[in-house]
Amino acid sequence: MQGAQEIKLRIIGMDKIYDNGDGVRDINLDVYNGELITMLGPSGCGKTTILRTIGGFLTIEKGDITIDGNSIAGLPPEKRPTAMVFQSYNLWPHMSIYENLAFGLKLRKIPKDEIARRVEAMLEMVKMTGSQKKYPGQLSGGQQQRIAIARSLLLQPEVLLLDEPFSALDAKIRMQMREELKKIQLELGITVVFVTHDQEEAMAISHRIVVMNKGKFEQVGTPMEIYDNPVSKYVASFIGEMNFLNEGDTVRAVRPEDVRIQAGRKEGAVNGTIRTVMILGHYVDVNIQCGDQVIKSFIPRTEITGLDVGKEVYLEWSRSHSFPAEGTA
Ligand SMILES: Nc1ncnc2c1ncn2[C@@H]1O[C@H](COP(=O)(O)OP(=O)(O)OP(=O)(O)O)[C@@H](O)[C@H]1O
Ligand SMILES: [Mg+2]
């Protein structure tokens with residue numbers, strides 16, 4: 001994202017409540033031009049609901065949605081400057097890849113040779129050159145999802161909506177796809193609203209993340225802001241690894257990488273005994289039994305000398321967060 005922070009998409013005081021009372025309430029969000037923003041949260045928290053209200057597949061009860069300052073809330077999906085990609089590949093199985101990609105452009109009466117040129121360029125962008133004559137059934141899941149994204153991008157939407165587009169793919173392909181999406185997004189400078197329940201995926205690709213909890217926004221911020229300064233116990237437990245230490249009315253949250261292990265005992269400190277030491281490549285995962293709690297520490301591999309299982313230690317941390325004990329985590 002470069003340049004001035006111009007607002008592309010705006011959601012203002014929006015409610016979308018289903019007949020049974022579920023849904024999302026009082027949603028307010030500004031998405032900047034060229035930004036990739038991610039809705040992150042557990043199943044049922046309302047991610048898809050928000051995406052569908054932006055795409056026009058659901059009508060809203062209250063509030064407004066604007067793109068470039070114009071309300072789109074009353075428009076049907078095809079009249080909105082948005083395009084949506086779903087979790088399951090929604091390519092037309094009886095059409096070739098070329099026909100799948102060209103379809104939307106034909107509807108817009110774009111000349112044939114221009115369509116061919118754009119399709120070719122887009123296939124190159126998603127690394128699917130040469131697949132024009134194939135049918136969706138002849139492609140892998142990852143390849144089909146590349147085509148689905150290509151088809152959406154060919155419509156040149158102002159805002160691209162992606163609902164867990166990679167969740168049906170295996171871990172390795174998913175990592176590859178997220179890197180490529182990030183690259184394409186930067187190259188085109190397109191505004192993207194991405195939905196996932198995978199915190200690592202959200203951290204990896206987003207300019208900002210919206211952490212959702214039961215139909216509400218819990219925190220909006222850059223991946224680092226959310227990682228370093230979670231506003232609630234819920235956010236702290238959802239993003240990255242976290243130790244929670246009970247301190248009566250409050251809970252102290254400490255990242256494993258902030259826990260330092262010192263040999264011996266110390267009055268007033270958290271004392272414990274090393275329970276496990278696992279070398280995981282460049283860092284070591286050490287679990288320390290402290291009373292009835294187990295605290296996790298990540299330390300560089302170069303610092304494990306002398307930290308053997310059964311050794312008595314005390315813990316210190318450079319950084320921690322305190323939350324009320326009563327929490328939603
Ligand atoms: N058509 C519907 N009618 C009634 N309730 C619905 C409908 N669609 C979703 N809900 C409910 O609204 C809430 C939010 O659903 P939504 O699909 O937005 O969640 P989500 O965050 O996308 O979850 P997932 O990660 O499982 O896809 C859930 O409690 C769900 O049961
Ligand atoms: Mg969903």
Side-chain angles (χ1 to χ4, degrees), residues 9-29 31 36-65 72-73 76-77 80 82-91 141-142 144-145 148-149 152 157 159-171 173-175 177-178 181 191-206 208-221 223 226 230-240 327-329:
L9 167 72
R10 178 165 247 184
I11 305 176
I12 308 147
M14 181 187 85
D15 282 5
K16 171 65 212 175
I17 315 289
Y18 298 105
D19 294 341
N20 59 6
D22 285 340
V24 298
R25 275 162 226 272
D26 196 28
I27 300 300
N28 289 283
L29 183 68
V31 180
L36 193 160
I37 195 160
T38 298
M39 306 275 158
L40 173 68
S43 185
C45 73
K47 305 180 295 293
T48 296
T49 300
I50 291 181
L51 216 61
R52 287 179 160 268
T53 62
I54 303 169
F57 302 98
L58 288 173
T59 53
I60 60 176
E61 272 83 60
K62 215 180 105 208
D64 202 2
I65 303 173
I72 57 163
R80 297 190 184 201
T82 55
M84 190 151 165
V85 175
F86 303 88
Q87 174 181 344
S88 50
Y89 333 119
N90 44 341
L91 300 174
Q144 288 188 48
Q145 216 46 341
I149 290 171
S152 299
V159 179
L160 178 65
L161 307 169
L162 301 173
D163 193 357
E164 311 224 19
F166 309 143
S167 64
L169 309 175
D170 70 48
I173 303 284
R174 206 161 68 214
M175 298 254 272
M177 295 284 283
R178 69 155 92 123
L181 172 70
T191 308
V192 176
V193 183
F194 189 90
V195 161
T196 185
H197 59 260
D198 179 341
Q199 54 107 3
E200 199 185 288
E201 188 167 86
M203 293 284 287
I205 64 168
S206 315
R208 283 188 304 154
I209 297 173
V210 178
V211 183
M212 291 190 65
N213 182 17
K214 297 185 186 138
K216 291 216 164 113
F217 288 179
E218 189 95 4
Q219 186 169 5
V220 182
I226 286 175
V231 297
S232 63
K233 192 180 161 202
Y234 172 84
V235 175
S237 65
F238 203 76
I239 310 272
T328 42

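Indexing begins at 1, ligand by ligand and atom by atom, following the structure's order. Every heavy atom of this structure was used, including side-chain atoms; hydrogens, water molecules and symmetry mates were not.
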of all protein heavy atoms, closest to atom 26 (O) of ligand 1 is Ser43 OG, 2.5 Å

Indicate, as side chain, backbone, both or neither, the part of Asn20 found under 4.0 angstrom from ligand 1 when only non-hydrogen atoms are considered.
side chain

Report yes if the side chains of Ile50 and Phe217 come closer than 4.5 Å at any heavy-atom pair, otherwise no.
yes

OG on Ser167 to NE2 on His197, rounded to 0.5 Å:
6.0 Å

In the protein, which heavy atom is nearest to atom 9 (C) of ligand 1, and how far is it?
Tyr18 CE1, 3.4 Å

Could you tally the protein N/O/S atoms lying less than 2.8 Å away from the Mg ion (ligand 2)?
1

Side-chain touch Glu218/Phe238, heavy atoms, less than 4.5 angstrom
no

To which protein heavy atom is atom 13 (C) of ligand 1 closest, and what is the distance rounded to 0.1 Å?
Gly44 O, 3.6 Å

Pull out every atom of ligand 1 sitting under 4.0 Å from any heavy atom of Gly46, numbered as shown with elements.
14 (C), 16 (P), 18 (O), 19 (O), 20 (P), 21 (O)

How far is atom 30 (C) of ligand 1 from its nearest protein heavy atom, and which residue and atom is that?
Asp22 OD2, 4.2 Å

I need the Gln145 CD to Asn90 CG distance, nearest 0.5 Å.
7.5 Å

Do the ring planes of Phe86 and Phe57 sit parallel (below 30°), tilted (30 to 60°) or perpendicular (above 60°)?
perpendicular

What is the nearest protein non-hydrogen atom to atom 25 (O) of ligand 1, stated with its residue, atom name and distance?
Lys47 NZ, 2.8 Å

For Cys45, state whether at least one heavy atom is located under 4.0 Å from any atom of ligand 1.
yes

Quick one: are Val211 and Asn213 in side-chain contact, heavy atoms under 4.5 Å?
no

Test: salt bridge (charged side-chain N to carboxylate O under 4.0 Å, His left out). Region: residues 40-65. Which pairs qualify, not counting sequence neighbours?
Asp15-Lys62, Lys16-Glu61

Could you tell me if any non-hydrogen atom of Glu164 lies under 4.0 Å from any atom of ligand 1?
yes

Checking a contact table here: which protein heavy atom is nearest atom 27 (O) of ligand 1, and how many Å away?
Thr48 OG1, 3.9 Å

Least distance between heavy atoms, Gln199 atom then Gly240 atom:
OE1-N, 3.0 Å

Looking only at atom types and distance, does a side-chain atom of Arg208 sit under 3.5 Å from a main-chain N or O of Val220, one as donor and one as acceptor?
no

Should the pair Glu200-Arg174 be classified as a salt bridge under the 4.0 Å nitrogen-to-oxygen rule?
no

Tell me, which protein residue and heavy-atom name are nearest atom 16 (P) of ligand 1, and how many Å apart are they?
Thr49 OG1, 3.5 Å

Identify the residue among Val195, Thr48, Asp198 that makes a side-chain contact (heavy atoms from CB on, under 4.5 Å) with Glu164.
Val195

